[in-house]
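First the structure, in the form of structure tokens, and then the observations on it.
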Amino acid sequence: MASTANPANIRTAADVLRRGGLVAFPTETVYGLGADATNAGAVARIFEIKGRPAFNPLICHVGFVSQASKLAEFSDLTATLASEFWPGPMTLVLPKSDDCPVATLATAGLNTIAIRVPANEIAHELLATVGKPVAAPSANVSGQISPSMAEHVYASFGDKVDYLLDGGATEIGLESTILGVTGDLVHLLRPGGLTVEDIKKRTGIAVRIADPDPDQPLAPGQLESHYAPRAALRLEADEVETGEALLGFGPDLPVGFETASQFLNLSEGADLREAAANLFDFIHRLDNSGVETIAVVPIPEKGLGLAINDRLRRAAAPR
Ligand code: TXA
Ligand code: MG
């Protein structure tokens with residue numbers, strides 16, 4: 001079962017990691033399923049219990065920017081992004097350093113490494129106590145939606161995880177923004193909790209948004225059918241068909257909403273941040289009601305809406 005994330009339990013979790021065990025823990029984005037990134041056997045267990053394709057590399061989490069700079073080559077551009085947005089919901093894909101201690105399995109044999117310094121206090125305490133990079137994908141079975149609560153993690157893995165730290169609902173509720181830094185270019189590999197608008201505003205850096213091409217995913221994990229609930233999702237719905245569940249956004253309700261078998265509103269006030277935080281939990285809840293189809297109203301394609309729509313499209317993709 002889950003253990004409350006108090007100081008004593010965080011120390012226990014750190015011990016479990018040091019001994020090669022798996023620990024699920026909250027970050028400000030989603031819950032991660034962590035292993036000591038320098039221990040290939042421990043990392044292998046992540047792939048095993050997630051049922052994750054082995055070519056899909058993992059994000060290495062560290063407590064401090066100074067640790068991150070030992071794992072990868074830091075350019076001035078990288079240092080600017082790191083000092084502005086770490087700790088926080090940003091992952092950087094960087095050239096691996098020559099003496100990077102991370103197991104090749106964690107980076108899937110690539111010569112780049114994805115690194116993140118989470119802001120969540122529990123995650124920070126855990127990482128600072130372990131003192132080593134912790135490889136952690138989102139703590140869900142591969143292809144299913146990401147967990148924003150300890151209950152979601154337990155529902156996916158039960159007691160297969162050695163230790164589950166419960167820190168309540170995550171603040172952002174949607175994964176980190178992944179940026180690839182190559183030379184003087186920054187590419188958006190996955191939209192997430194940090195918006196390109198914010199990056200531009202705070203650093204002047206113009207992030208390149210690559211054309212979404214499902215056959216050529218920039219981040220290998222960006223498979224089209226991902227975050228898949230059991231129910232089918234019908235996007236951009238402007239009316240509800242009888243028996244469908246409804247995932248709403250904003251004050252306006254679609255035609256026929258009263259016939260919906262279930263109804264949850266991501267944000268009555270049309271606040272994209274609130275919607276992002278509710279997204280995975282609400283999909284979980286509607287899906288668990290056993291409906292065949294979840295109708296989803298249109299979400300604006302701006303700010304966090306980019307990441308929300310990205311997740312929704314993947315959840316809706318044919319499987
Ligand atoms: O918010 C998050 O990022 C959460 C929390 C736990 O930190 N983690 C997360 O990890 O979403 P995961 O494994 O579900 O997604 C990581 C993504 C995958 O799409 C993977 O392919 C990509 O990062 N990735 C990892 N290393 C990469 C690399 N070297 N080059 C390109 N993409 C990489
Ligand atoms: Mg994931």
Side-chain angles (χ1 to χ4, degrees), residues 1-39 41-43 45-46 49-50 58-71 82-83 85-91 101-103 106 114-140 146-176 192-194 273 276-278 280-281:
M1 278 308 291
S3 307
T4 309
N6 58 34
N9 287 342
I10 292 173
R11 280 196 298 279
T12 305
D15 279 340
V16 172
L17 283 170
R18 284 206 206 90
R19 283 187 269 114
L22 297 189
V23 171
F25 62 98
T27 79
E28 69 276 29
T29 57
V30 298
Y31 275 73
L33 177 63
D36 174 354
T38 66
N39 177 336
V43 173
R45 271 192 71 209
I46 294 181
I49 82 163
K50 264 191 77 98
L58 306 174
I59 298 173
C60 291
H61 299 70
V62 290
F64 305 95
V65 178
S66 56
Q67 266 175 294
S69 64
K70 295 206 176 77
L71 305 177
S83 71
F85 300 112
W86 275 344
M90 173 186 76
T91 295
V102 167
I115 309 176
R116 174 164 174 236
V117 184
N120 174 282
E121 264 176 51
I122 298 160
H124 176 77
E125 268 310 301
L126 178 67
L127 294 166
T129 310
V130 177
K132 292 177 174 195
V134 170
S138 50
N140 54 276
S146 292
S148 55
M149 295 191 190
E151 288 81 356
H152 300 157
V153 180
Y154 194 78
S156 278
F157 297 118
D159 294 318
K160 280 194 236 162
V161 175
D162 299 311
Y163 207 78
L164 167 55
L165 274 178
D166 186 350
T170 61
E171 297 144 51
I172 298 177
L174 175 114
E175 298 91 334
S176 61
L194 172 68
R273 189 170 302 177
N278 285 331
F280 289 132
D281 181 43

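Residues: numbered from 1 along the sequence shown.
Side-chain contact between Leu17 and Phe25 is absent, with no heavy-atom pair separated by less than 4.5 Å. Residues Leu33 and Phe157 form a side-chain contact, since some pair of their non-hydrogen atoms from C-beta on lies under 4.5 Å apart. Side-chain contact between Arg116 and Thr29: present, with at least one pair of heavy atoms (C-beta onward) separated by less than 4.5 Å. Using a 4.5 Å heavy-atom cutoff, the side chains of Arg18 and Thr129 are in contact. The shortest side-chain heavy-atom distance between Asn140 and Lys50 falls under the 4.5 Å cut-off. Residues Thr12 and Ser3 form no side-chain contact, since every pair of their non-hydrogen atoms from C-beta on lies 4.5 Å or further apart. In this structure the side chain of Asn120 never reaches within 4.5 angstrom of the side chain of Pro87, judged on heavy atoms. A heavy-atom distance below 4.5 Å is found between the side chains of Pro137 and Ile46.
Checking each of Asp36, Leu165, Val23 against Val16 for a side-chain contact (heavy atoms from CB on, under 4.5 Å) leaves exactly one that passes, namely Val23.
Rounded to the nearest 0.5 angstrom, Glu121 CD and Thr27 OG1 are separated by 13.5 Å. Of the inter-residue distances, the one linking Ser148 atom OG with Ile172 atom CD1 reads 12.0 Å to the nearest 0.5 angstrom. Within the model, atoms CD1 of Ile115 and OG of Ser176 stand 12.5 Å from one another, a figure rounded to the nearest 0.5 Å. Note that the OH atom of Tyr154 and the CG atom of Leu164 stand 9.0 Å from one another [nearest 0.5 Å]. In this structure, CD on Glu125 lies 9.5 Å from CZ on Arg11, to the nearest 0.5 angstrom.
Nearest approach of Val161 to Leu22, heavy atoms of both residues: CG1-O, 3.6 Å. The nearest pair of heavy atoms linking Pro133 to Val102 is CG-CG2, 4.0 Å. Scanning both residues, Trp86 and Val65, for their nearest heavy atoms gives CB-CG2, 4.0 Å. The shortest heavy-atom contact between Met1 and Asp159 is N-OD1, 3.4 Å. Here the closest non-hydrogen pair linking Ala2 and Ala150 is CB-CB, 4.4 Å. Nearest heavy atoms, Asn39 versus Gly20: ND2-CA, 3.7 Å.
Around CZ of Arg273, the count of heavy atoms belonging to other residues, nucleotides or ligands within 6.0 Å does not exceed 12.
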Just do the side-chain contact (heavy atoms from CB on, under 4.5 Å) check on Leu127 and Val62 with the steps written out, would you?
CA-CA 6 Å; Leu127 294 166; Val62 290; 5.8 Å; no
Under the side-chain contact (heavy atoms from CB on, under 4.5 Å) criterion, do Ile10 and Ile122 qualify, and how do the steps go?
CA-CA 7 Å; Ile10 292 173; Ile122 298 160; 4.0 Å; yes
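Asn6 and Thr4 are not linked by any side-chain donor-acceptor pair at a separation below 3.5 angstrom, with hydrogens and angles left out of the test. No hydrogens or angles considered: a donor-acceptor pair under 3.5 Å links the side chains of Ser146 and Glu175. In this model, no donor atom of one side chain and acceptor atom of the other lie less than 3.5 Å apart for Asp15 and Tyr163.
With hydrogens and angles ignored, the 3.5 Å screen pairs no side-chain donor or acceptor of Ser156 with any backbone N or O of Val153. No donor-acceptor distance shorter than 3.5 angstrom exists from the side chain of Tyr31 to the backbone of Thr170, with no hydrogens or angles considered.
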